[in-house]
Enquirer: 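I'd like to ask some things about the structure below.
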There are 2 protein chains.
Amino acid sequence: MTYTYTYPHPAVTADIVVFSVEDDRLKILLIRRKEDPFQGQWALPGGFVGIDESIDDCALRELEEETGLSGIYLEQLYTFGTPDRDPRERVISVAYFALTPMTGLTLKHGSDAMDAQWHDIDAQPELAFDHGAIIRLARERLTAKLDYSTVGLKFMPAEFTLSDVQSLYETVSGQARDKRNFRKWILSLDILEETGRKKSDGAHRPAMLYTLKTPAEIRMIK
Amino acid sequence: MTYTYTYPHPAVTADIVVFSVEDDRLKILLIRRKEDPFQGQWALPGGFVGIDESIDDCALRELEEETGLSGIYLEQLYTFGTPDRDPRERVISVAYFALTPMTGLTLKHGSDAMDAQWHDIDAQPELAFDHGAIIRLARERLTAKLDYSTVGLKFMPAEFTLSDVQSLYETVSGQARDKRNFRKWILSLDILEETGRKKSDGAHRPAMLYTLKTPAEIRMIK
DNA sequence: TCCGTTAGTGTTTTAATAACACTAACTAGT
DNA sequence: ACTAGTTAGTGTTATTAAAACACTAACGGA
C-alpha cells in the first residue's frame, strides 16, 4: 500500500520530554533506539502521527507504547522543523513536555520495544537527532513555568508533605528557599488540603500529608 | 509529478496572526480566500511548507507573498493538528504570531493574489478553518507577553514618544496606567534612548522622541 | 495674551517580599 | 527512661517594590 500526493509532504512526529524527580535530582526519560538511523543511541520517546490521530493523542500513545507510562500530564512545547533534522526524509517534530511523579511507576524495560530509562538531566548520553536541543528548551520552559504556574505539583504523588514540595522546587530551580516563607507562599495559593494523616519515616517528627484540592487544575500565579 | 510514500503523510502549513495597532485599536491582518475551501471567506495568511524549507522561512515567505509584509517580528505560537480541521486532507498548522508597526506599511491589495486587509480585533468577520481559535490563542499570548517581556515595543515605529508607548500598552491590555509610574517603569528597563529630537503635532507641548537601544533584542522582565 | 491640550516631573503610602531562630515530635541508642 | 539526633512547624520585623497622587511646562490657535 502506498500513498501518493501531487506535491511532497513532510512526515510529522510527536516527541516527548518526560521529567521527573528522584533523590533530589531532575530526571528525563529516554529510550534506546533499536533501528537506524542512530541505532543504539538514546532518544526521546515519540513517533509518527497517524493520519487520523490528533497530535496530542499521538504523544500519549507513543509514550504508552514505548515507555509504559499513561495518564500523565502533557503539554505542547514547540515544533521543530529544520529541513535536515532527520537523515531519512523531511520530518517535523511537535515536541511535548510531560511531568510525572516517580513513585509507583514501572517502565517498559528490555521488552520487545525499546529500553526506557531515567537519566539525570545533567548526565545525558549523546542523543539522536536534535533531541538535545529539544530537551534544553523543555528545561527552560519547565523552570520558567515553575515560577508562574502551579505545574510543578505534577511531580508530586497523591499525598505529600510540604517539605517534599519545597525540596522539589529547590531541585528544579537549583536554589534554596526559606522554609517559613515557602510554606506561607504555597499555602496562600489555596490549592492544598490537609489529609489529617501524617507521614513518619524515621527518627523525627512526622509531617502532615497534603493533597491537591483539584488535582487536574493548573493555576497561573501572580 | 507525484510523490509517493509507504504510509500516509499530513500536509503542514504555517499560518500567521499579524497584530498591529492603529487609532488606539488592536488590529489583525486577514486575507480573503479566492479558492475553495472557504472561498471568499477571510482567513489568516499562510500556506504549505516547502519540502526543503524551514517552517520559519515558510511563514516569512507566505506573509510576503500574500500580504507584502517583510522583515517583521515573528514568533512560533502553537501547532494545531486535529484531524478534521481542513476538509481537503489532513493538515497540520504551525501557527505564528507577528507584531508590526502600522506606519509606512503598504499591503498587497486587490492584486492577483488575495486581498489583505486590517480588521479590528473585536470586529472580525467569520473565519475559515479553525482560524478563529488560533487568533484567540494568539491574543492571549500577546497580552500575557506584554507583561513579562518587551515584545510590545515591536509595535512601535523607529521613533516614538513615551505617550505613544503608554497608549499602546493601554490599548493592548485594555487598562489605563498611571502616567508617572508608567514612565518610570519603561525607562527603568534601560532599553530606550532619547534621540534629542521632538515631535510636535498640534497645539501643545512637543514630546521627546525615543528609539530602542537595541532594536532586535527582546528582554524578559522580572 | 489667553485658552486648550499634551508633556513632563517626585514624594508618600501601601503592599509584597525577604530575612530571621526557636520549639515540637518523634526514634534509636544507651 | 533519658539523651542525642533529626525533621516539622510556627510569627514578627525589615526591606523592597508597587501604587496613588497634582501640579508646572511648552506649544499652537483663536
Enquirer: Going by modelled atom types, is there a donor-acceptor pair between the base of D:dT7 and the side chain of A:K198 at under 3.5 Å?
Expert: no
Enquirer: Identify, between A:A203 and A:D164, the residue whose nearest nucleotide on DNA chain D lies closer to the 5' end.
Expert: A:A203
Enquirer: Would you mind reading off the distance between A:D201 atom CG and D:dG5 atom P, rounded to a whole angstrom?
Expert: 20 Å
Enquirer: Give the nucleotide from the list C:dT11, D:dA8, C:dG8 with an atom nearest to the side chain of B:K184.
Expert: C:dT11
Enquirer: Return the value, rounded to whole Å, for the distance between atom CZ of A:R197 and atom P of C:dA25.
Expert: 21 Å
Enquirer: Kindly say whether, by distance alone, the side chain of B:R180 makes a donor-acceptor pair under 3.5 Å with the base of D:dA22?
Expert: yes
Enquirer: Over how many whole Å does the gap from B:K179 atom NZ to C:dT9 atom C1' extend?
Expert: 9 Å
Enquirer: Find the distance A:D178:CG to C:dA21:P and express it as a whole number of Å.
Expert: 10 Å
Enquirer: Taking only Lys NZ, Arg NE, NH1 and NH2, and the carboxylate oxygens of Asp or Glu, determine whether B:E140 and B:R136 approach each other closer than 4.0 Å.
Expert: no
Enquirer: Taking atom P of D:dA8 as reference, at what distance in whole Å does atom OH of A:Y210 sit?
Expert: 12 Å
Enquirer: Measuring from the side chain of B:H204 (C-beta onward, heavy atoms only), which nucleotide among D:dA26, D:dG5, D:dT7 has the closest atom?
Expert: D:dA26
Enquirer: Can you confirm whether more than 12 heavy atoms, excluding those of A:E126, are under 6.0 Å from its CD atom?
Expert: no
Enquirer: What is the distance, rounded to the nearest whole Å, between atom NZ of A:K199 and atom P of D:dG9?
Expert: 11 Å
Enquirer: What nucleotide among D:dA20, D:dC27, C:dG8 has an atom nearest to a side-chain atom of B:R205?
Expert: C:dG8
Enquirer: Please report the C-alpha distance between A:D56 and A:S54 in whole Å, then the side-chain angles of each, then the deciding distance to 0.1 Å, and finally whether the side chain to side chain donor-acceptor pair (under 3.5 Å) criterion is met.
Expert: CA-CA 5 Å; A:D56 289 6; A:S54 80; 5.5 Å; no
Enquirer: Measure from the side-chain N and O atoms of B:Q166 to the backbone N and O of B:R177, and report whether any donor-acceptor pair falls under 3.5 Å.
Expert: yes
Enquirer: Check this for me: does any side-chain nitrogen of one of B:R25 and B:D122 sit under 4.0 Å from a carboxylate oxygen of the other?
Expert: yes
Enquirer: Among the candidates D:dA20, C:dC26, C:dG8, find the nucleotide nearest to the side-chain atoms of B:R183.
Expert: C:dG8
Enquirer: Using only side-chain N and O atoms of B:S163, determine if any of them is under 4.0 Å from OP1 or OP2 of C:dA7.
Expert: yes
Enquirer: What integer distance in Å separates B:N181:CG from C:dT14:P?
Expert: 15 Å
Enquirer: Quickly work out the A:E194 CD to D:dA8 C1' distance and round it to whole Å.
Expert: 13 Å
